[in-house]
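For reference, positions follow the sequence shown, starting with 1. FYI, side chains are in, hydrogens and waters are out, and symmetry mates aren't considered; it's all heavy atoms of this structure.
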Amino acid sequence: MSIFYEEQSRTITLHTVSTTYQMQIDRYGFLLHLYYGKRADGCMDYLLTYYDRGFSGNPYEAGTDKTYSMDSLPQEFPSLGTGDYRTPACIIKNTDRTYCSDFRYVSHRIREGKYSLPGLPAVYAQEDEAQSLEILLRDPVTGVEAVLLYGVLPECDVITRSVKIVNASQGHVSVKKLAPACLDLVGGDYDFITFYGRHAMERNFQRMPVGHGTSKIGSLRGTSSHQYNPAVILAERETTEDAGACYGMAFVYSGGFQSEAGRDQYSQTRLLMGLSEEQFSYPLHVGEEFQSPEVILTYSSAGLGKLSRNFHRCIREHLCRGKYKEAARPILLNSWEASYFNFTGESLLALARQAAELGIEMFVMDDGWFGQRDSELRGLGDWKVNEEKLGCSLGELIRKINDMGLKFGIWIEPEMVNEDSDLYREHPDWAFVIPGRRPNRSRYQLVLDFSRKEVVDYIFDQICAVLDQGNVEYVKWDMNRSLADIYSAAADSQGRVLHDYVLGLYDFLERLVTRYPNILLEGCSGGGGRFDAGMLYYTPQIWCSDNTDPIDRLEIQYGTSFIYPASSVGAHVSASPNHQTRRVTSMKTRAMVAMAGVFGYELNLNELSDGEKDEIRCQIAEYKKHAALVQQGDYYRLTNPQTDNQGAWEFVSRDQKEALVQVVGIKKHANMTVDYIRVKGLKENTMYRDMETGRLYNSTALMEAGVPKPVLEGEYQAYQWYFVEEE
């Protein structure tokens, strides 16, 4: 059992292996938050304090008791209208056009297994791996209900949260704001850690103090975005990688979001994660309900590294699905940076032939194979194979590539349409365009209205007709612009369109993975513009960034690692000079960085020297040797590439018998100092052998003093140690 109800104190306690989360139903029916932290037994309601705070109002039931105020008490689901003037988790516009929700406890139930969310991605578990808690709250005046859902995965030290709003009133209401996860902390001094960026430079680590007022990040783009990732960390001021308390929230959602952190007038901290308020006003008629997406919560008393490993295990084992959840991913060559739009069937086959000779396992045909798609200007939406360009049918091309011993993959962008396309000429109303206004273009394309079922159904049928033409074993799903000009002729309220769009996307993806269970689906949105837990439910890997420069990738993959496992990070070796930065780096360095994710190539193999081709053969053999460790091992950050002389990271097997340490130098000076890389996660005082040199090392010394990084000539040198426990 991981969820307990204690009748006398009216407390509900959620236990994981290392953490405890506790709430209390108070005398007026409010659901108060008591504690979230290191595992502890007993009732923690002594943490609540009551005194007359002045200008903090009191519920009517409190009578003359001026010490009781929702403006200061920690809550599980704070809403607007109860006298709490802090940032609310819920705002509802009622039938009488008032904005007030006074949710009080009605009942709760505990059940085995993990709840699921219809139409939405969610963490899953076997019946004996999780428990679920459902708490029913109701506004006694309007009848509107809030059903709070909690899922507990004890072994992962993870708790999930979602909320369902039910219109049990006598008229129409609208959900104006909804954050399924709220964390109220009565004490402490915290930093707000977020991951900001831009196209081709995503998920940069940012740490700033939580001050009085509210710090807010989010996305208004209709997607989770390159600019801010829908995952945040609240860390005590002194918390490091290996020590200190921290809390994490990851939103299992691929649309607009917002997260807010702030200290109130009494120096209490509130952290929220939920849907973006802008352009959101979800209508509910009598009897209708709105189910929020889910938030994954985890806590660590042992620093940021442990928090990350909690997220990694949960996402890898309880969110990703399908054939490739555990299986080693094929090493692929993507055609994009090799040829862009300028290819023929023969040039693709020549590239594939070279890939097969080098030991690459899959060939992926990227953008340009359909309609009149010879540039960004036209063709999106016309999902018909351009056989004239290929010189054969798609089925014939696939057979020829399979005959080389290669798997075949293909690129698609189903959510988009060019104005210069047959689809747009036939159905201009299927694109997001506000009547009477000229639309905003991006990459010369518009966005299809996936909030409409007939649009989703049509595109789904078109894509299936393509995939059914041959043995397609991989699909790269791209999405190359933000949403704008939001208007749907089919919607009863424009405030619901952005969320319904995401539901349409998820419906498409669910049907796709159901119909083609053996296809490896990779997500992409201009690289990492939709790198979120929601997409990972359907696509076990996501193209991390369009920026393949290995030195930039050190920072991108560093930020990504705080929440997402290496098994989800698409990473390729590309050309040098790099196509995005023009930086020159060695083949070894490019491969070392790409090996910290799902490994592949994206360059013209026919332009390489014989020596470079031999390097690729060796890299492939090296990656295959360590692929299981990279995909399933525990991940440790050893340095911070934003500030340190090098980027360094480590993979350790769950039994701690082997460890792979990888390092790339960043800064280079004359008469360079020696840097020592401190290894982590090994068994104490145990001998480990470096499998390249044969030298034995004591693990405690490796972890306390480190191993010296060699000082070599040249920029951006890469190094690796593979340690195995000596039997």
Does a side chain donor of either [X] or [Y] reach within less than 3.5 Å of an acceptor in the other side chain?
| X | Y | answer |
| --- | --- | --- |
| Q632 | S567 | no |
| Y537 | E294 | no |
| H15 | S2 | no |
| Q206 | T194 | yes |
| R583 | Y716 | yes |
| Q580 | E337 | yes |
| D157 | T16 | yes |
| T639 | Q646 | no |

Specify the closest pair of heavy atoms between G303 and C246, including all atoms of both residues, with the distance to one decimal.
O-SG, 3.5 Å
Would you name the heavy atoms of I159 and L14 that are closest together and state the gap between them?
CG2-CD2, 4.0 Å
Who pairs with R203 by salt bridge (charged side-chain N to carboxylate O under 4.0 Å, His left out), at least two apart in sequence or on another chain?
none
Answer whether the closest heavy-atom distance between the side chains of [X] and [Y] falls below 4.5 Å.
| X | Y | value |
| --- | --- | --- |
| L271 | V210 | no |
| L603 | L608 | yes |
| C544 | V598 | no |
| F651 | Y635 | yes |
| E622 | M595 | yes |

Could K476 and E522 be called an ion pair, given the rule that one side-chain N must be under 4.0 Å from one carboxylate O?
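E522 and K476: not salt-bridged.
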Among R329, K323, K407, which one satisfies salt bridge (charged side-chain N to carboxylate O under 4.0 Å, His left out) with E473?
K407
Output all residues satisfying side-chain contact (heavy atoms from CB on, under 4.5 Å) with [X], sequence neighbours left out; order by chain, then residue number.
| X | value |
| --- | --- |
| D614 | R617 |
| A327 | Y324 |
| A571 | R553, Q557, A594 |
| E715 | none |

Residue [X] excluded, over 12 heavy atoms near [atom1] under 6.0 Å:
| X | atom1 | result |
| --- | --- | --- |
| K325 | NZ | yes |
| K657 | NZ | no |
| R321 | CZ | yes |
| R695 | CZ | no |

Only pairs under 3.5 Å count here: list side-chain donor-acceptor contacts from residues 658-666, not counting sequence neighbours, and write none if there are none.
{"from": "E658", "atom 1": "OE1", "to": "Y722", "atom 2": "OH", "distance (Å)": "2.4"}
{"from": "Q662", "atom 1": "OE1", "to": "W649", "atom 2": "NE1", "distance (Å)": "2.7"}
{"from": "Q662", "atom 1": "NE2", "to": "Q720", "atom 2": "OE1", "distance (Å)": "3.0"}

Between Y474 and F408, does a ring-ring contact (aromatic ring centres under 6.0 Å, His included) hold up when you go through it step by step?
CA-CA 7 Å; Y474 164 101; F408 178 83; 9.5 Å; no
Quick check on side chain to side chain donor-acceptor pair (under 3.5 Å): which of R637, R313, E241 does S308 satisfy it with?
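One option only clears the test, and that one is R637.
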Mutual orientation of the aromatic rings belonging to Y558 and F562 [parallel < 30°, tilted 30-60°, perpendicular > 60°]
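Rings of Y558 and F562: perpendicular, over 60°.
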Can you list everything that forms a side chain to side chain donor-acceptor pair (under 3.5 Å) with R207? Sequence neighbours excluded, please.
D191
Sorted by chain and residue number, the side chain to side chain donor-acceptor pair (under 3.5 Å) partners of S254 (sequence neighbours excluded) come out as Y506, D532
Is the cationic atom of R309 (NZ for Lys, CZ for Arg) positioned less than 6.0 Å from the six-membered ring centroid of Y636 and within 45 degrees of its normal?
yes
Residues forming a ring pair (Phe, Tyr, Trp, His ring centres under 6.0 Å) with [X], sequence neighbours excluded:
| X | value |
| --- | --- |
| Y564 | F531 |
| F192 | none |
| Y247 | Y36, Y299 |

Which residue pairs satisfy the ring pair (Phe, Tyr, Trp, His ring centres under 6.0 Å) criterion with at least one member in residues 673-711, sequence neighbours excluded?
Y697-F723
Exactly one of Y623, F599, Y601, W543 should register a ring pair (Phe, Tyr, Trp, His ring centres under 6.0 Å) with H572. Which one does?
W543
